[in-house]
Amino acid sequence: MSIVDDKWLGKIYYGEYFVDVIFGSSNGMVPVQEGWFHHAREAQILGLGVLVIDPTELIWSKAFIQKRFRHDGSDIANIILKQSSRIDWQRLVAYFDAHWEVLLSHLLIFRWIYPSERDAIPSWLLDELLERLNRQRELPPTAARICRGRMLSRSDYQNAVEVWGFLEAKGKCDDDQ
């Protein structure tokens with residue numbers, strides 16, 4: 001295997017053919033974890049049994065890909081549309097943890113894109129996330145001016161940190177594309 005990008009991608013070549021080996025998200029926020037394999041399902045591809053990522057982990061792996069020319073939000077909306085019953089919503093909330101607002105934003109966009117399919121998202125989940133939002137709204141803003149945007153895209157929020165004086169939130173995103 002040759003490593004194309006040490007944050008997320010390798011390739012295995014067989015003559016002119018190759019297979020991508022993805023071991024993280026392109027922005028470095030979401031590395032593949034051992035537990036993902038416990039939730040994967042087997043599928044037949046070209047006659048071989050391979051493990052396929054569960055839709056829960058697939059959403060998690062795509063949630064922070066929000067660059068100007070690469071945004072996986074439509075993938076997330078379509079995964080919710082087609083795989084809602086297979087998503088482990090509790091596990092998904094646990095993955096997002098401190099980044100629950102990113103999950104909420106994807107869920108709201110899904111509801112806007114597919115208004116007739118709003119029930120694909122459990123009511124308890126929206127209630128919980130909106131309750132968090134309401135509690136947070138009662139708190140004063142942080143004293144420090146913080147930009148978490150660089151966890152989504154370093155280049156798209158570069159001015160916020162380098163010119164406008166925001167502090168960069170600590171995250172694993174270190175793409176420059």
Side-chain angles (χ1 to χ4, degrees), residues 1 5-10 12 19-67 70-139 148-153 169-175:
M1 180 169 86
D5 186 313
D6 63 356
K7 292 183 301 261
W8 74 286
L9 181 65
I12 297 174
V19 173
D20 285 341
V21 178
I22 299 172
F23 48 87
S25 59
S26 64
N27 66 358
M29 284 293 297
V30 182
V32 173
Q33 299 172 356
E34 179 80 22
W36 292 21
F37 295 96
H38 300 294
H39 303 291
R41 63 181 169 86
E42 189 168 312
Q44 292 291 315
I45 299 178
L46 300 176
L48 298 172
V50 296
L51 292 177
V52 177
I53 191 172
D54 187 82
T56 306
E57 282 73 27
L58 189 55
I59 290 171
W60 171 235
S61 74
K62 292 177 163 293
F64 292 90
I65 308 301
Q66 297 188 31
K67 298 188 285 188
R70 169 79 194 275
H71 187 277
D72 286 359
S74 61
D75 290 347
I76 291 172
N78 291 326
I79 292 165
I80 293 170
L81 177 68
K82 293 302 197 177
Q83 297 288 316
S84 176
S85 65
R86 299 198 67 228
I87 297 168
D88 183 329
W89 296 101
Q90 292 283 356
R91 194 166 75 239
L92 190 61
V93 170
Y95 280 132
F96 278 91
D97 190 31
H99 308 294
W100 60 268
E101 291 160 302
V102 175
L103 175 58
L104 177 59
S105 69
H106 283 292
L107 298 180
L108 292 174
I109 290 294
F110 171 83
R111 290 171 51 88
W112 184 82
I113 294 168
Y114 295 113
S116 63
E117 308 304 314
R118 290 178 176 166
D119 62 347
I121 299 167
S123 294
W124 67 263
L125 177 56
L126 280 177
D127 291 344
E128 179 180 321
L129 296 177
L130 291 172
E131 186 176 313
R132 287 184 193 187
L133 181 64
N134 282 328
R135 283 193 310 266
Q136 184 190 66
R137 290 177 59 219
E138 295 173 3
L139 300 173
R148 290 188 282 196
R150 288 177 62 119
M151 295 166 78
L152 303 173
S153 169
K170 298 300 178 200
K172 296 178 184 174
C173 178
D174 52 8
D175 69 351

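As the structure is a prediction and not an experimental result, all values here were calculated from the model.
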Around atom CZ of Arg135, are there more than 12 heavy atoms of other residues, nucleotides or ligands at under 6.0 Å?
->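 Atom CZ in Arg135 is crowded, with more than 12 foreign heavy atoms closer than 6.0 Å.
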Is it the case that more than 12 heavy atoms not belonging to Phe23 sit under 6.0 Å from its CZ atom?
->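 Buried by this count: over 12 neighbours within 6.0 Å.
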Straight-line distance of [X] [atom1] to [Y] [atom2], nearest 0.5 Å:
X     : Y     : atom1 : atom2 : answer
His71 : Ile76 : NE2   : CD1   : 7.5 Å
Ile59 : Ile87 : CD1   : CD1   : 3.5 Å
Asp75 : Ile80 : CG    : CD1   : 11.0 Å
Asp72 : Lys67 : CG    : NZ    : 9.5 Å
Arg41 : Ile53 : CZ    : CD1   : 11.0 Å

Between [X] and [Y], what is the shortest heavy-atom contact and its length?
X      : Y      : value
Trp60  : Tyr95  : CH2-O, 3.2 Å
Ala169 : Met151 : CB-SD, 4.0 Å
Ala98  : Arg148 : O-NH1, 4.3 Å
Val102 : Ala63  : CG1-O, 3.8 Å
Arg86  : Thr56  : O-OG1, 4.1 Å
Gly49  : Glu42  : CA-OE2, 3.6 Å

Dump the intermediate steps for side chain to side chain contact (heavy atoms under 4.5 Å, CB included) on Leu133 and Leu129, then the final yes or no.
-> CA-CA 6 Å; Leu133 181 64; Leu129 296 177; over 6 Å; no
Does a side-chain heavy-atom distance below 4.5 Å link Trp89 with Glu128?
->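 Not in contact.
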4.5 Å side-chain heavy-atom contact, Lys62 and Ile79 =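 Contact flag for Lys62/Ile79 side chains = yes.
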Name all residues meeting the salt bridge (charged side-chain N to carboxylate O under 4.0 Å, His left out) criterion together with Asp54; count only those two or more places apart in sequence or in a different chain, and write none if there are none.
->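 With sequence neighbours excluded, Asp54 shows a salt bridge (charged side-chain N to carboxylate O under 4.0 Å, His left out) to Arg91, given in chain and number order.
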With a 3.5 Å cut-off and sequence neighbours excluded, list the donor-acceptor pairs that the side chains of residues 114-127 form with protein atoms.
unit_1 : atom_1 : unit_2 : atom_2 : d
Tyr114 : OH     : Asn78  : OD1    : 2.5

